[in-house]
Every structure is written in structure tokens, then in C-alpha cells.
**Q** 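Before I ask anything, here is the structure I am working with.
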Amino acid sequence: MNQAHEPLPLEFYNKPTIELAQSLLGCLLVKETEEGLASGYIVETEAYKGPGDRAAHSYGNRRTKRTEIMYHEAGVVYTYTMHTHTLINVVSGEADEPEAVLIRALEPHEGLALMEKRRIGKKPRDWTNGPGKLTKALSITMNDYGRTLTAPPLYIAKGYEPQDILSGPRIGIDNSGEAREYPWRFWIKGNRYVSR
DNA sequence: GTATGGATCATCT
DNA sequence: GATGATCCATACG
């Protein structure tokens with residue numbers, strides 16, 4: 001049987017976005033549904049810094065119905081639909097600072113049978129090694145938009161301390177000028193579930 | 001292993 | 001009507 005976890009306090013998210021992106025590595029992302037609980041350790045993230053970041057949806061303080069939640073205080077979820085997939089971000093920064101951290105990959109931990117069922121025909125390694133994949137494995141949808149990460153059904157709990165953290169350019173933002181070169185992607189060295 | 005193109009839809013112009 | 005913070009199948013080496 002699965003055991004519930006203790007969510008990290010709201011204060012955890014109260015730090016600079018780049019720092020938060022690194023702090024999230026090794027933490028446990030948990031989603032509870034009627035089918036049961038599924039969770040995975042965060043092994044890859046990307047920071048998006050709002051106004052001055054051409055790759056961010058909130059570049060130039062762009063404020064629309066979709067990005068509205070990024071102007072909220074840190075610790076809430078920003079889900080976004082990309083083609084046929086849903087992506088999940090953790091909102092960072094103070095209120096009116098539209099920054100966020102994209103969760104790119106997880107290492108499956110609990111609810112493995114559920115993930116297998118949600119990712120039929122895929123190898124275990126392909127269950128959560130990409131932003132669009134992990135949301136499917138954990139059943140994260142647009143219904144989670146705006147949720148606070150400190151209570152079920154969707155929350156982040158303490159995981160383990162990563163050994164080595166590496167950083168590099170972000171992925172999939174080739175048309176964003178200089179912003180594509182910023183080393184704002186972070187991952188745990190040697191982890192098999194990191195994308196690419 | 002790398003490279004390429006199509007799927008498919010919410011959101012924005 | 002155009003645009004993706006992607007994924008997958010296919011082709012090729």
C-alpha cells in the first residue's frame with residue numbers, strides 16, 4: 001500500500017527561480033487520483049524568468065488568460081497545453097513576477113502499475129523522461145491549473161539529495177534569440193530518466 | 001545511434 | 001489563420 005507524504009511548506013518556493021529550479025531536483029512530485037497514488041523524483045528542470053526571457057510565455061510582462069497564474073505568488077501550478085500534451089510548471093517569484101520552473105523529467109517511484117497502464121506499449125524508461133510524458137504518467141491535466149502544491153491531490157514532498165547537478169541550454173526554444181543560450185536547464189548527473 | 005516530418009488543439013493575433 | 005517550453009513513427013547508417 002502507498003503511504004501519503006508530507007508536502008513541502010510554501011516557504012520552500014520562496015527563493016530565486018534559478019535556485020528553486022536546482023532545489024527541486026531530487027524532490028518527489030506526487031499526484032493522487034481515484035485510481036491511486038503515483039509519484040516520481042524530479043530529475044530535470046528548466047527555469048523561465050519572465051520579462052527579460054524571450055523564451056518565456058511571460059516575456060515582456062505579457063499577461064493573458066493563460067499566463068495569468070504566473071503572476072501569482074510562488075508555489076502554484078501552471079499547466080500548459082502543447083500540441084497533444086500537457087506540460088507542468090511550478091510558479092516562482094513574488095506576486096507580479098511572472099517566473100516559473102518547468103518540470104522536464106521524473107524518475108518513477110510509486111504507482112508503477114498505474115504509470116504502465118497510462119503509458120501502454122512504452123518501455124519503463126519512456127514513461128516519464130519528457131515533460132509531456134510525465135504528465136500523462138501522473139495524470140496531470142489542465143484541471144490542475146492554478147492548484148497549490150502544498151496539499152493533495154497534487155503536491156511536492158521531500159525526496160533525496162542529488163549527488164551532482166549539471167546545467168546547460170534549454171531545449172525546444174530555438175526561435176528565441178539569445179535566450180536559447182542561457183544555461184537554465186538543470187538535471188541530476190547520470191540519471192537515466194533525464195530527457196535526450 | 002541520428003534525422004526528419006506529421007499529429008493535433010488550446011491559445012493568441 | 002498561425003503558432004508552438006512535444007512526442008512518436010519511420011527512414012537511414
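So that the names make sense, note that chain A is the first sequence line, chain B the second, and so on, each numbered from 1.
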**Q** Counting the atoms with a prime plus P, OP1 and OP2 as sugar-phosphate, which does Leu102(A) contact under 4.0 Å by heavy atoms, base, sugar-phosphate, or nothing?
**A** base
**Q** Quickly work out the Asn175(A) CG to dA2(C) C1' distance and round it to whole Å.
**A** 14 Å
**Q** Check every strand shown and say whether Tyr80(A) touches a base, only sugar-phosphate, or nothing at a heavy-atom separation below 4.0 Å.
**A** sugar-phosphate
**Q** Is the phosphate of dC12(B) approached by Thr64(A) (side-chain N or O, under 4.0 Å from OP1 or OP2)?
**A** yes
**Q** How long is the straight-line distance from CZ of Arg185(A) back to OG of Ser195(A), given to the nearest 0.5 Å?
**A** 5.0 Å
**Q** Nearest-Å distance, OH (Tyr78(A)) to P (dA10(B))?
**A** 15 Å
**Q** For the side chain of Arg119(A), counting heavy atoms from C-beta on, which of dC7(C), dA5(C), dC8(C) is nearest?
**A**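 Looking only at side-chain atoms, Arg119(A) lies closest to dC8(C).
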**Q** Regarding dA10(B), can its base be found pairing with the side chain of His83(A) as donor and acceptor, where the two atoms are less than 3.5 Å apart?
**A**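 Under the 3.5 Å cut-off, the side chain and the base do not form any donor-acceptor pair.
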**Q** Checking all strands, does Arg104(A) fall into the base, sugar-phosphate, or nothing category for heavy-atom contacts under 4.0 angstrom?
**A** sugar-phosphate
**Q** I need the NZ-P distance between Lys133(A) and dC7(C), as an integer number of Å.
**A**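 Taking NZ of Lys133(A) and P of dC7(C), I get 6 Å after rounding.
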**Q** Using a 6.0 Å distance limit plus a 45 degree cone around the ring axis, check whether Arg54(A) lies over the aromatic ring of Tyr182(A).
**A** no
**Q** Hey, does the side chain of Thr67(A) reach the backbone of Arg62(A) with a donor-acceptor pair shorter than 3.5 angstrom?
**A** yes
**Q** Measure CE/Met70(A) against P/dT11(B) and give the value in whole Å, please.
**A** 15 Å
**Q** Send over the distance from Asp126(A) CG to dA9(C) P, rounded to a whole Å.
**A** 10 Å
**Q** When you measure from the side chain of Lys65(A), which nucleotide among dC12(B), dG4(C), dC8(C) comes out closest?
**A**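 Closest nucleotide among those given: dC12(B).
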**Q** Suppose we define a pair by two distances each less than 3.5 Å, Watson-Crick or G-U wobble; what does dA5(C) pair with here?
**A** none
**Q** Round to the nearest Å and state the distance from Arg196(A) atom CZ to dC8(C) atom P.
**A**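 From Arg196(A) CZ to dC8(C) P: 13 Å.
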**Q** For the side chain of Thr84(A), starting at C-beta, report the closest nucleotide among dT8(B), dA5(C), dC7(C).
**A** dT8(B)
**Q** Can you tell me the base-pairing partner of dT8(B)? Count Watson-Crick or G-U wobble geometry only, both distances below 3.5 Å, and say none if there is no partner.
**A**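 Because no pair has both required distances under 3.5 Å, dT8(B) counts as unpaired.
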**Q** Going by salt bridge (charged side-chain N to carboxylate O under 4.0 Å, His left out), Glu46(A) matches just one of Arg170(A), Arg104(A), Arg180(A). Which one?
**A**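 Among Arg170(A), Arg104(A), Arg180(A), the one meeting salt bridge (charged side-chain N to carboxylate O under 4.0 Å, His left out) with Glu46(A) is Arg104(A).
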**Q** Are the side chain of Asn89(A) and the backbone of Val91(A) linked by a donor-acceptor contact shorter than 3.5 Å?
**A**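 Side chain of Asn89(A) to backbone of Val91(A): no pair is present.
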**Q** Which part of the nucleic acid, if any, lies within contact of Lys122(A), taking any heavy atom under 4.0 Å across all strands shown: a base, the sugar-phosphate backbone alone, or nothing?
**A**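 The residue Lys122(A) makes sugar-phosphate contact but no base contact.
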**Q** Are OP1 or OP2 of dC12(B) and a side-chain N or O of Arg62(A) less than 4.0 angstrom apart?
**A**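 Looking at the OP1 and OP2 atoms of dC12(B), neither is under 4.0 Å from any side-chain N or O of Arg62(A).
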**Q** Rounded to whole Å, how long is the line connecting atom CZ of Arg66(A) with atom P of dA5(C)?
**A**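 In whole Å, dA5(C) P and Arg66(A) CZ are 8 Å from each other.
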**Q** Nearest whole Å is fine: how far is dA7(B) C1' from His85(A) NE2?
**A** 9 Å
